[in-house]
Engineer: 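Pasting a structure here, questions to come.
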Amino acid sequence: MREARPLKSIVIVGGGSAGWMAAAALAEAVGGACAITLVESEAIGTVGVGEATIPPIRHFNQRLGIDEATFVRETQGSYKLGIQFVDWGRKGHSYFHPFGQYGAEFDSVPFYHHWMRESLAGRIQGPIDDFSMCWALAKAGKFAHPSPDRRLIQSTFDYAYHFDAGLYAAFLRRYAEARGVTRKEGKVVDVTLRGEDGFIAAVTLDDGTRIAGEFFIDCSGFRGLLIEEALHAGYDNWQAWLPCDRAVAVPCERGEFTPYTRSTAREAGWQWRIPLQHRTGNGYVHCSQFLGEDEAAATLLAHLDGKPLADPRTLRFVTGKRAKFWERNCVAIGLSAGFMEPLESTSLHLIQYGILRLIALLPDAAMSPLLAREYNAQTSREYELIRDFLILHYKATERDDSELWRYCAAMPIPDSLAYKIDHFREQGMLVADPQELFANPSWIAVYLGQGILPERAPALAAMRPGVPVAQRLQQIRQAMDEAVAGAPTHGEFVARHCAAPPIAA
């Protein structure tokens, strides 16, 4: 048997959330058995729009042994129960995408099948949001941790965070450096490839320092300094389906301290609102074909909670992914791997799972190409599944009041998404891939919230005549009302458990 020789050196190019998440997770995984060096330049800014997250970020922090209250406090964070979508399906209408299930299961047939049958028959009124524990708490401005007792309605929801991405990177830098990661300050000005196989041998900094490594992680952002400029991995452009290619962002004084993100559809895109302890984050993601950058900035500034705290800045991007995320001895993580606009807060998730997948497939010095092949296959599939979910938001609209929305309503969509929509529209059935990040409640939220209604409920719901559906629905609503009444407000919860100290002026 040939004994593997473990890697002795890993070099991460780029800091920010992606770089320091990678450094922290690798340091925890290898336990000092491999030298980890991170190269970043203070002169190069980070994008820093990844302030809203989804529940898996909690598992990433837990894996690193990070205390939640300390993390929220040090990142000026808040809690997130889901996303409110305003004016997406049609103007004047909103719905909620919750982190958690709808209702509570009371039969072998899923709750949403029974709800759908009752709703289509006109026996209950109102949206399915009325049976979301997440939305019940969110619209009341309240938050509490879910209960571990599966018998309680308080166990039916999940949560994530809002936080300052720059502070999170700094938090993880302290974590990583305490575990042996070495940080090098400087700009990479040259990448040296080995002549025999084209692998990366070293990077050279602007002060002449040469940093060699066996394995490289590209966290250099949109530029893709290693994966694209040096290795030419290629890029799959998805702008035909996700046409927005600009985002103007600005923080403002904190307004309403909501335990959820808000996404408001606008003429040429959509605006995010993310409440933190020290400010509110805002941005307007838009399509430059239909709206200029100055106009977008003016629209954003006109729809803030309070006084802006900085000048608006514009980010330019192309939605899509690398043709290869892992090429030779380099893996791209974060924006260098691809960009899925922040509509469903997936940016940090893709970083997280890119890192965890790399740890699971970490090569030895032999650098087997089979590992790269599996990494690329898994990661491509993940991006494609998220892509289809994002496209659904743009495609499923009745809006025809601007060029963007008319384009989206008419655009062809991937066959994989059309197949899912057909199943739901005809039978109320949810077709899911085992690798789906967004589970059934997420698809239900967007389908129903944006006007894709089934012609009939799944057949099995009509074959359970002995189930007291109306009584169970009433009991669920009553339990939700009681749970909300007993919960603290979002502000009270943060003040009690994880309030950040004031930032000095």
Engineer: Among residues two or more places apart or on two chains, list those pairs meeting ring pair (Phe, Tyr, Trp, His ring centres under 6.0 Å) that have a residue in residues 193-217.
Structural biologist: Phe215-Trp326
Engineer: With sequence neighbours excluded, what pairs up with Arg63 under the salt bridge (Lys or Arg N to Asp or Glu O under 4.0 Å) test?
Structural biologist: Glu28
Engineer: Sequence neighbours left out, what passes side chain to side chain donor-acceptor pair (under 3.5 Å) with Arg174? Give chain and number order.
Structural biologist: Glu74
Engineer: Does Ile200 offer a backbone N or O that forms a donor-acceptor pair with the side chain of Asn329 under 3.5 Å?
Structural biologist: yes
Engineer: Check whether Ser9 reaches the backbone of Glu214 with its side chain - one donor and one acceptor, N or O, closer than 3.5 Å.
Structural biologist: yes
Engineer: Would you call the rings of Tyr161 and Tyr159 parallel, tilted or perpendicular, where under 30° means parallel and over 60° means perpendicular?
Structural biologist: perpendicular
Engineer: Can you name the residues that form a side-chain contact (heavy atoms from CB on, under 4.5 Å) with Thr182, not counting sequence neighbours?
Structural biologist: Thr37, Lys184
Engineer: Quick test of your reading of the model: are Arg58 and Asp158 salt-bridged, counting only N-O distances below 4.0 Å?
Structural biologist: yes
Engineer: Arg150: what forms a side chain to side chain donor-acceptor pair (under 3.5 Å) with it, not counting sequence neighbours?
Structural biologist: none
Engineer: Applying salt bridge (Lys or Arg N to Asp or Glu O under 4.0 Å), can you list everything that pairs with Arg73, at least two apart in sequence or on another chain?
Structural biologist: none
Engineer: Just one of Phe438, Phe424, Tyr102, Phe389 clears the ring pair (Phe, Tyr, Trp, His ring centres under 6.0 Å) bar with Trp443, so which one?
Structural biologist: Phe389
Engineer: Side chains of Gln277 and His162 only: does a donor on one sit below 3.5 Å from an acceptor on the other?
Structural biologist: no
Engineer: Taking the six-membered ring for Trp, are Phe111 and Phe131 closer than 6.0 Å centroid to centroid?
Structural biologist: yes
Engineer: Under the rule for salt bridge (Lys or Arg N to Asp or Glu O under 4.0 Å), what residues qualify as partners of Glu229, not counting sequence neighbours?
Structural biologist: Arg223
Engineer: Can you list every salt bridge (Lys or Arg N to Asp or Glu O under 4.0 Å) pair that touches residues 327-343, not counting sequence neighbours?
Structural biologist: Lys324-Glu327
Engineer: Tell me every residue that passes side chain to side chain donor-acceptor pair (under 3.5 Å) with Thr346, counting only those two or more places apart in sequence or in another chain.
Structural biologist: none
Engineer: Could you list the residues that satisfy salt bridge (Lys or Arg N to Asp or Glu O under 4.0 Å) with Arg357, not counting sequence neighbours?
Structural biologist: Glu382
Engineer: Output yes when Arg210 and Asp190 qualify as a salt bridge under the 4.0 Å nitrogen-oxygen rule, no when they do not.
Structural biologist: no
Engineer: Can we call the ring centroids of Tyr168 and Phe71 under 6.0 Å apart?
Structural biologist: yes
Engineer: On the six-membered ring of Tyr175, is Arg179 placed so that its NZ or CZ lies under 6.0 angstrom from the centre and within 45° of the ring axis?
Structural biologist: yes
Engineer: My understanding is that only residues two or more places apart in sequence, or in another chain, count here; which of them pass side chain to side chain donor-acceptor pair (under 3.5 Å) with Asp197?
Structural biologist: Arg194
Engineer: If you look only at pairs with a residue in residues 244-259, which of them pass as a salt bridge (Lys or Arg N to Asp or Glu O under 4.0 Å), with sequence neighbours excluded?
Structural biologist: Arg246-Glu293
Engineer: Please answer whether the main-chain N or O of Tyr284 pairs with a side-chain N or O of His286 as donor and acceptor at a distance below 3.5 Å.
Structural biologist: yes
Engineer: Tell me if the centroids of the rings in Tyr394 and Trp88 come within less than 6.0 Å of each other.
Structural biologist: yes
